[in-house]
Amino acid sequence: MKTCRRGRGEKKTVKDLYQRNIDYLRVSITDRCNLRCQYCMPQELPLLPHGDILRYEEILRICGIAASLGIRNLKITGGEPLARRDAVEFLAKCKEIPGIEHVTLTTNGVLLSPHIQAMKNMGLDGVNISLDALDPDTYRKISGRDVFAQAWRGFLAAVESGVPVKLNIVPMRGQNEGEIVGLAALAASYPVDVRFIELMPIGSGSGCAPIPGDEILALLQNVYPDLSPDPRRHGCGPARYWLSAALKGSIGFIDAVSHNFCDTCNRIRLTSEGFLKPCLYHSEGYDLRAELRNGADDEQIAATIKKAIRTKPKKHAFYDLNRIGERRAMSQIGG
């Protein structure tokens, strides 16, 4: 199991106003996706013109400058990142950025199997695969596409490759609650981490009904009575993990609404059009694309990144339905 290499040696660090060490940049490379999941990207969502999306060389420049400030970990997302041409070659270049120690990919797995060996060869540190159901019909209803077989093939190929695998599931009441036990059991059959991600009220996700993490944990404790907290780190993110003797992997929970973990948040986000977001919930951010294309030098870009980190809010407000935060869909922000 690979873990993020945080805080080793006398390396540069960059902290926000609340003394959180910001060492993790989530990078969306496209707002396009081959699925139409209910909570993320509804069918009618408008797409960015290609010219508005950052070119790979622009993204790599931003990542390089961020690494010089203390960013050590990159998560490449979308949309569906593998829907963008030459995404695998881009991942390889991310691995070569001086100072970057940990590069992972989030994907729905549908396009994964032909590319996973190349990712293994380049030293990709992990792949997160979204898989909200094992029943093909339930999968189709949630994802809007009849491609469960391709997604499952991608999952199996990733496990076989030896690249560390995490499964991401978004439980929704009335949709896939009957899938929870079966999905968790994948951690018994394969050496993978199965993570249940609490639905956040962003974009179309606000119209779906979440299932709190504690409810899922109680359900799984009936199946695995010896579930106990896993003290090991499983990467660079906020998930809390649980172990059982019956499992080859672990069960994880990312429940930002019911278990606020803002006090340990270590990340900022770059959208596919170059908007740097200090916080997922809050809509404020900085237009790096405009700076890049108006001739800003590296010092100017670095100053904006440092400003974004300094202005990172103390916490989100997903719990307050009377407040309005980010209005865009997850696919537009970077899932």
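None of the values given here were measured: they were computed from a predicted structure.
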Worksheet item: Is there a donor-acceptor pair closer than 3.5 Å between any side-chain N or O of Arg32 and the backbone N or O of Ala83?
Response: no

| message | Are there over 12 heavy-atom neighbours, none belonging to Lys15, within less than 6.0 Å of that residue's NZ? | response | yes

Checking the side chain of Thr304 only, and the main-chain atoms of Gln300 only, is there a donor and an acceptor separated by less than 3.5 Å?
yes

Any sub-3.5 Å donor-acceptor pair from Asp16's side-chain atoms to Ile309's backbone N or O? no

(message) Applying a strict under-4.5 Å side-chain criterion to I, L, V, M, F, W and Y, I'd like to know whether Val194 and Leu243 cluster together.
(response) no

Interatomic distance, CD@Glu273 vs OG1@Thr271, rounded to 0.5 Å, equals 3.0 Å

Inset, instruction - Could you check Leu17 against Lys314 for side chain to side chain contact (heavy atoms under 4.5 Å, CB included), going step by step and ending with a plain yes or no? - result: CA-CA 8 Å; Leu17 292 177; Lys314 185 175 183 179; over 6 Å; no

d(Ile22 CD1, Arg267 CZ) to nearest 0.5 Å is 10.0 Å

Under 3.5 Å, is there a donor on one side chain and an acceptor on the other for Thr311 and Glu284? no

Shortest non-hydrogen pair, Ile216 vs Pro171, comes out as CD1-CG, 3.3 Å

Any non-hydrogen side-chain atom of His234 less than 4.5 Å from a side-chain atom of Arg240?
no

Check this for me, if you would: do Asp193 and Arg233 make a salt bridge, where the nitrogen-to-carboxylate-oxygen distance has to be below 4.0 angstrom?
no

Nearest heavy-atom contact between Ile169 and Leu131 is CG1-O, 3.1 Å

- Under 4.5 Å between any side-chain heavy atoms of Cys94 and Leu60, yes or no? yes

- prompt: Going by distance alone, is a donor N or O of one side chain under 3.5 Å from an acceptor N or O of the other, for Gln38 and Gln175?
  reply: yes

* May I ask you to decide if Pro212's main-chain N or O and Glu215's side chain share a donor-acceptor pair within less than 3.5 Å? => no

- Query: In terms of hydrophobic clusters joined by side-chain contacts under 4.5 Å, are Leu227 and Val181 together?
  - Reply: yes

Separation between CD (Glu291) and CD1 (Ile305), nearest 0.5 Å, reads 9.0 Å

task: Determine the interplanar angle of the Trp242 and Phe253 rings, folded into 0 to 90°, and report it as parallel if under 30°, tilted if 30 to 60°, perpendicular if over 60°.
output: perpendicular

Nearest heavy-atom approach of Pro313 to Arg20 is O-NH2, 2.7 Å

Correct closest heavy-atom pair for Leu48 and Ser272 would be CD1-OG, 3.7 Å

Tested for side-chain hydrogen bond (donor to acceptor under 3.5 Å, both in side chains) against Asn108, the lone hit among Asn128, Asn34, Asn168 is Asn34

Go through Ile180 and Ile211 one step at a time and tell me if the side chain to side chain contact (heavy atoms under 4.5 Å, CB included) criterion holds.
CA-CA 11 Å; Ile180 290 171; Ile211 304 177; 4.2 Å; yes

**Asked** Does Asn176 reach the main-chain N or O of Glu179 with its side chain, forming a donor-acceptor pair under 3.5 Å?
**Response** no

| Audit row: Thr107, Glu80, side chain to side chain contact (heavy atoms under 4.5 Å, CB included) steps and yes/no | CA-CA 6 Å; Thr107 173; Glu80 169 49 47; 2.9 Å; yes

Main-chain N/O of Gly285 paired with Lys277 side-chain donor or acceptor, under 3.5 Å: no

Interatomic distance, CD@Glu198 vs CG@Asp214, rounded to 0.5 Å, equals 8.0 Å

When every non-hydrogen atom of Ala188 is compared with those of Tyr224, the smallest separation belongs to CB-OH, 4.4 Å

One should read off an interatomic distance between Ile53 CD1 and Thr30 OG1, to the nearest 0.5 angstrom, of 4.5 Å

Same apolar cluster: Tyr24 and Tyr241, side chain cutoff 4.5 Å: no

Next on the checklist: Are Tyr139 and Val147 packed together at the side-chain level, in the sense that at least one heavy-atom pair is separated by less than 4.5 angstrom?
Outcome noted: yes

**Request:** Look at atom CD of Glu160 and say whether more than 12 heavy atoms of other residues, nucleotides or ligands are closer to it than 6.0 Å.
**Result:** no

Heavy-atom side-chain contact between Tyr56 and Arg84 under 4.5 Å
yes

I'd like to know if the side chain of Arg289 reaches the main chain of Asp52, judged simply by a donor and an acceptor atom lying under 3.5 Å from each other, with no hydrogens or angles considered.
yes

Using only atom types and a distance under 3.5 Å, with no angle test, would you say the side chain of Lys95 pairs donor to acceptor with the backbone of Met122? no

Going through the distances and angles, do Val192 and Ile129 end up as a side chain to side chain contact (heavy atoms under 4.5 Å, CB included)?
CA-CA 11 Å; Val192 301; Ile129 301 174; over 6 Å; no

Of Leu292, Leu74, Leu54, the one forming a side-chain contact (heavy atoms from CB on, under 4.5 Å) with Ile59 is Leu54

Exercise for review: Please work out whether the ring planes of Trp152 and Phe148 are parallel, tilted or perpendicular, with thresholds of 30° and 60°.
Suggested key: parallel

*So, the side chain of Asn73 versus the backbone of Asp23: is there a donor-acceptor pair under 3.5 Å, distance only?*
yes

Looking at Arg195 and Ile251, would you say the former's side chain and the latter's main chain have a donor-acceptor pair under 3.5 Å? no

Rounding to 0.5 Å, atoms CG (Asp132) and NZ (Lys141) come to a distance of 14.5 Å

Do Met119 and Ile116 make a side-chain contact, defined as non-hydrogen atoms from C-beta onward lying under 4.5 Å apart?
yes

So do Ile76 and Phe90 actually touch side chain to side chain, heavy atoms under 4.5 Å?
yes

Looking only at heavy atoms, the pair that brings Leu25 and Leu270 closest together is CD1-N, 4.0 Å

Taking atom types as modelled, is there a side-chain donor on Ser161 or Gln117 under 3.5 Å from an acceptor on the other?
-> no

